[in-house]
Amino acid sequence: MTLIADVSLRRILDSRGNGTVEAEVTTDSGGFGRAAAPSGASTGEYEAIELEPAEAIAKARELAVPRLVGEVFAGDQRGVDQALHGADGTDDFSKIGANSAVAISMAAAKAGADTQGIPLYQHLGGAFRGRNFPVPLGNVVGGGEHAADATHIQEFLAAPVGAPSVVDAVFANAAVHQEVHDILTGRDIAAGKGDEGAWAPSVDDAEAFEIVAEATERVEDEFGFEVRMGLDVAGAELYDADEGVYSYGERTRDTAAQIDYIADLVDEYDLVYVEDPLDENDYEAFADLTERVGAETLICGDDLFVTNTDRLAEGIEQGAANSILIKPNQIGTLTDAFDAIELAVENGYEPVVSHRSGETEDATIAHLAVATDAPFIKTGTVGGERTAKLNELIRIEDNA
Ligand SMILES: O=C(O)[C@@H](CO)OP(=O)(O)O
Ligand SMILES: [Mg+2]
């Protein structure tokens, strides 16, 4: 094994034009890895802490780099991530920043793969991984925190569950995105794009359902395989804790009505995936909804679980959700993300690997999804920072 010889950090641009942290790890034998931290807009209350990039970099240089250089083997991912936790000393990375931590963790993994001359997914997942591929969930219409004056539900997702290959699935999602635009144009509705490249028309949620349902049906007919629909409701952003209601503009729903509403949507639109339908503090409501529709669809916890094994364990205990969103930057290291996936799988929860609304060209999550055999990956549909991951999946499938 080869020791980490150097760690360098710099501030680069993310897709929203904000600064983020990029890390480079070099090993004694000349192995190299580079990775960058993404950033959320609809962040969960319990996520690890992202610091201002300059501060995160300064703190990581002072506290973490000396614990890594000449000390830890690049291929020893648990060793790297333990060093990051040791350097930080808090349980939410508030000292060195989860943005520095995750960039270093992912760059070290890439350097570890490079020293062995193997793809990252194989380094992370082992020799037997790389045969199964995740279904990409593609954001085609959206609003919420990702676009002003658009839908209340944050993401309407295309889910090409019947696709025979990743490349077919990726192109099906792009086709749904284009069909949505055609339908909008046909209805004389102008639309820009939100932070993740989804169309952000000024329509109500009911019309968005109609449009996306029509677009997925057209693509199903054209491509000849099943394309379903999913949602990220981002319920915590709609929830008003003082009033105890979910606000959809003028219209509000209390928790019981919200559960009924989501259960009806699952039936009406045959939803294959529903993320964060309820508030991030309401395990009980998640459990009620899972009891009602969990046999038909995935109820996924994003802000609910924040890739955190303690929060997931609580969910398992209560029967809340049957799926967990995995975002390495919510928890700070690849080790923590892997532990969350393992706990999920042991307990029958499906792991769904995900991008953030603020992204870079970094494609680590494509490898993470293949390495862990995740059934789904949520990583957008169009836009360079989204296609970076989608095209990487195509390359992995092609053994390129
Ligand atoms: O809510 C989400 O799932 C994500 C990504 O789609 O958004 P953000 O990165 O803004 O939290
Ligand atoms: Mg979400």
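Note that the structure is a prediction, hence the values are computed from the model and not measured. In each ligand, atom 1 is the first atom listed, and ligand 1 is the first ligand listed.
For a distance bound of 2.8 Å, the N, O or S atoms of D302 include one lying that close to the Mg ion (ligand 2). Look at E275 and the Mg ion (ligand 2): an N/O/S atom of the residue is under 2.8 Å from the metal. The Mg ion (ligand 2) has no N, O or S atom of D276 closer than 2.8 Å.
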Residue pair D260, R253: steps toward the salt bridge (Lys or Arg N to Asp or Glu O under 4.0 Å) verdict: CA-CA 10 Å; D260 287 343; R253 293 181 172 92; over 6 Å; no
Before you tell me yes or no, could you show the steps for K378 and D232 under salt bridge (Lys or Arg N to Asp or Glu O under 4.0 Å), namely the whole-Å CA-CA distance, both residues' side-chain angles and the distance that decides it to 0.1 Å? CA-CA 10 Å; K378 187 176 85 158; D232 181 0; 3.2 Å; yes
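Note on ligand 1: E275 sits in its first shell, one or more heavy atoms being nearer than 4.0 Å. Heavy atoms of S42 approach ligand 1 to within less than 4.0 angstrom.
Among protein heavy atoms, atom 4 (C) of ligand 1 sits closest to K327 NZ, 3.2 Å. Protein heavy atom in closest approach to atom 1 (O) of ligand 1: Q154 NE2, 2.9 Å. In terms of protein heavy atoms, atom 8 (P) of ligand 1 is closest to S357 OG, 3.4 Å.
Closest non-hydrogen pair, A263 versus L289, comes out as N-CD1, 4.1 Å. When all heavy atoms of P136 and N173 are compared, the closest pair comes out as O-ND2, 2.9 Å.
In this structure, CZ in F286 is found 10.5 Å from CG in N281, a value given to the nearest 0.5 Å.
The neighbour count for R10 CZ, taken as heavy atoms of other residues, nucleotides or ligands under 6.0 Å away, is above 12. Annotation: R187, atom CZ; neighbour count of heavy atoms from other residues, nucleotides and ligands within 6.0 Å is above 12. When the shell of 6.0 Å around CD of E52 is examined, it contains more than 12 heavy atoms from other residues, nucleotides or ligands.
Aromatic ring pairs are classed by plane angle as parallel below 30°, tilted from 30° to 60° and perpendicular above 60°; the pair F209 and F156 is perpendicular.
Using a 4.0 Å cut-off to heavy atoms of R356, the atoms of ligand 1 that qualify are 8 (P), 9 (O), 11 (O). Contact atoms of ligand 1 toward D232: 1 (O), 2 (C), 3 (O) (distance under 4.0 Å to a heavy atom of the residue). Per-residue contacts place K378 under 4.0 angstrom from the following atoms of ligand 1 (heavy atoms of the residue considered): 2 (C), 3 (O), 5 (C), 6 (O).
Aromatic ring centres of Y261 and Y248: separated by under 6.0 Å.
The shortest N or O to N or O distance between S39 and ligand 1 is not under 3.5 Å. At under 3.5 Å, not a single nitrogen or oxygen of S354, backbone or side chain, sits near a nitrogen or oxygen of ligand 1. Of the polar atoms of A41, at least one N or O is found under 3.5 Å from an N or O of ligand 1, judged by distance alone.
Nearest residue to atom 6 (O) of ligand 1 from R16, E196, Q330 is E196 (criterion: closest heavy atom).
Among heteroatoms of the N, O or S kind in D232, OD2 lies nearest the Mg ion (ligand 2).
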